Amino acid sequence: MATLRFKALTDLVNKKAERLSPSCENISKYYSENVFDRAKMRQYLSPEAYESVVSAIEEGRRIDRKVADQIAAGMKAWAMDRGATHYAHWFQPLNDSTAEKHDSFFEPLWNGGSFESFKGSMLVQQEPDASSFPNGGLRNTFEARGYTAWDPSSPAFVLEGTLCIPTIFVAYTGEALDFKTPHIKSLNALDKAATDVCQYFDKDVKKVSVTLGWEQEYFIIDEGLFLARPDLMITGRTLMGNISAKDQQLEDHYFGSIPDRIKIFMEDFEVECYKLGIPLKTRHNEVAPNQYECAPMFEEANLAVDHNLLLMTVMHRVARRHKLRVLFHEKPFKGINGSGKHANWSMMTDTGTNLLSPGKTPKTNIQFLTFMINSMKAVDEHAALLLSSIASFSNSHRLGGNEAPPSIMSVFLGTTLSNILDQIEERITDKKLTPDEKTEIKLDIGRIPDILLDNTDRNRTSPFAFTGNRFEFRAVGSSSNTASPLIILNTAMAQQLVRFKAEVDNLIEVKGVKKDEAILQVLRQIIVETKKIRFEGNGYSKEWVEEAARRGLASIPDLPAAFKEFLNPKSVRLFEEFGVLNLSEIHARIDIRLEAMEKKIQIESRLLGDLAINHIIPTAVKYQNTLIENLKGLKELYGAGEFETFAAPQVDTLKTISQHIIEIRTKVLDMIEERKVANNIDAIEDKADAYYFKVLPYFEEIRYHIDKLEALIDDELWPLPKYRELLLLN
Ligand code: ADP
Ligand code: MG
């Protein structure tokens, strides 16, 4: 009987690349056609309703019920024109995915007949029966109601016949149960703090938005092979597998030409994304075999996060149509690169200035330095919390590897900027500057743009790098919700800007220092304070680990500790000062993350045990039987002396296999015992610790022996597709 593995491999030969959506030549013709954007609003809404939505988007104004009815009617009319029959509140529970519950517009009447209805109240608020979303004990099941509330700043869209309305998700008692709620709060906090600081430079600035450009990395696997690997199917990663003889050593995949089957899949999902208004710009091969990346043009952060989540949904769906599977797991394969989701982060004023882009004049460059240097300080101040925000069970397999950002927080600026900061540190003093000195400094600062753009070197080993006109947070995991790190980054930046402004104002008002000089003096102070987090060297080197420890830099020690960083008094003060998370929300988030980790380890541990006992060991025994048969035959054929010579390799292999079988069995049984102990623990924290510190360490040990067996046993008997086969598509 052909094993699933061989069937999948045979089928693979016959799979052809087939385009599913007609390739449209001109993207702008259909771009955003499934989005209820401003153009459609103008067409489908009354002027009053339109104005009301726009002021909700731009100024956060509330929409009153009567107008909401009008908006809902217009939205429904548009959605039905696009073929929608249902609507759904679309939200982001605390589990790195999105949720939606579909209701139909259709309303049957009790005495016959029917009509289509969508009221303002249905648009503005819903009460999903949400007791089974992660809530960290915030909602008791008898009080299982949470509600979703419309977020007008992210436009509604039609996805496969359903009108989706982006919403926040909160408990009935008011606590946030999602990523979007605190993210929006953090964006507002940063807007206010940054707008205040901008007044030093430009009185016309009324609003500052955060810009986010994510780069999504992913793997693609053939569906047949995927289905023959229970570990990939259930956990998103391989729990065993020998490294292929050739993977990424020759560096022939990165930026190589994209194979047909993949390229057509990409074109198909891109068409869907364009229709949803996701401004994809870039696609290319990544470093590892079967690994790819796509990236859009940056957008306002709240919208960019929604678009990223939507992209992931669309990619999953389109991949299935192509008999492919997308893996967003951070480390699906041992020994080759993992996947990240670089978050390119900056701030933009409503006057169109990128605050992390060097300007053309000394004045705009002091503004640039102000935001750049304060960003660095914000990262320094809350480094451990930032690491916490990107820590997850799946990302932990990737971070700190030799190809991923180290799990130590540092900031890379590049030589040019570093030199500029060094000069500011040397030349600015508390003493009054002479007019000559002032002119000289101004001239130098005015020269930044010319040199910077050509000179930003690319240090790929840094978790947080300045890349010319933005910071790039590279430690973010490919499967995560980007709002998670942004909540911290935005809030930390808001806090830093508030502190900065207070110090500058103090110098101006109390000490009578001129504005520019006051700003430079405070910046100088920050440059001195943040020296320790600046690192230009190789983040993968052993020396850096030692050096970083000497500098006392934050790193991820272990996952449970990383999660608990949210409760550090410094973190709590930050969240509370800006109203981003309150204490019960903080506790809930820690519990949710601990529990998610513990459950994932439990699932992987069960699966690893199952595969080891009922896939791997029986296969090993089968092969032993073949060897035993062979030995019996040899014995019949040869006399004692010859037999011993000829039998030696088989006897040796038999023994080795037996040793591996014994190790695997003993370790699986021990692991199960540890699981039993862990399962009897009630307190979430202790249970998570037990899974992390007692159960998880068995994984590598068991895998070691399984991988050895994979290399020993007859290839025809091996039940699971091997790495070289899974990574065959390129
Ligand atoms: P690279 O691989 O060199 O980092 P990519 O083109 O893959 O570059 O991705 C860069 C990302 O950074 C894009 O999404 C781009 O839109 C984004 N980006 C550029 N400028 C900004 C900015 N000011 N704010 C936020 N993101 C930005
Ligand atoms: Mg990048």
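All ligand and atom numbering here is 1-based and tracks the order in the structure. Bear in mind that the values here come from a model prediction, so they are computed numbers and not experimental data.
- Between the side chain of Asp151 and the backbone N or O of Lys180, no donor-acceptor pair lies under 3.5 Å.
- For the side-chain hydrogen bond (donor to acceptor under 3.5 Å, both in side chains) with Gln495, the qualifying choice from His382, Glu381, Lys377 is His382, the only one to do so.
- Contact annotation for Lys281 and ligand 1: no heavy atom of the residue comes within less than 4.0 Å of the ligand.
- Of the candidates Glu330, Gln291, Arg398, Glu217, Ser339 forms a side-chain hydrogen bond (donor to acceptor under 3.5 Å, both in side chains) with just one, namely Gln291.
- Taking only non-hydrogen atoms, the option from Phe298, Phe471, Trp345 nearest to atom 26 (N) of ligand 1 is Phe298.
- Salt bridge status for Lys207 with Asp191: present, with a side-chain N to carboxylate O gap under 4.0 Å.
- Within ligand 1, the atoms closer than 4.0 Å to a non-hydrogen atom of Glu293 are 7 (O), numbered from 1 in the order shown.
- At a heavy-atom distance under 4.0 Å, only side-chain atoms of Asn354, from C-beta outward, approach ligand 1.
- In terms of polar-atom proximity, defined here as any N/O pair under 3.5 Å, Pro296 does make such a contact with ligand 1.
- Proximity of Glu472 to ligand 1, defined as any heavy-atom pair under 4.0 Å, is confined to the side chain (atoms from C-beta onward).
- Counting heavy atoms only, Arg470 comes closest to atom 8 (O) of ligand 1 of the residues His284, Met347, Arg470.
- Comment: Asp380 engages Lys532 in a salt bridge, judged by a side-chain N to carboxylate O separation of less than 4.0 angstrom.
- Taking every non-hydrogen atom of Met297 and a distance limit under 4.0 Å, the qualifying atoms of ligand 1 come out as 16 (O).
- Two rings, from Trp544 and Phe535, have their centers less than 6.0 Å apart.
- Shown are Leu310, Val318, Leu159; of these, the side-chain contact (heavy atoms from CB on, under 4.5 Å) with Glu272 is made only by Val318.
- Less than 4.0 angstrom separates some heavy atom of Gly213 from each of these atoms of ligand 1: 14 (O), 25 (C), 26 (N).
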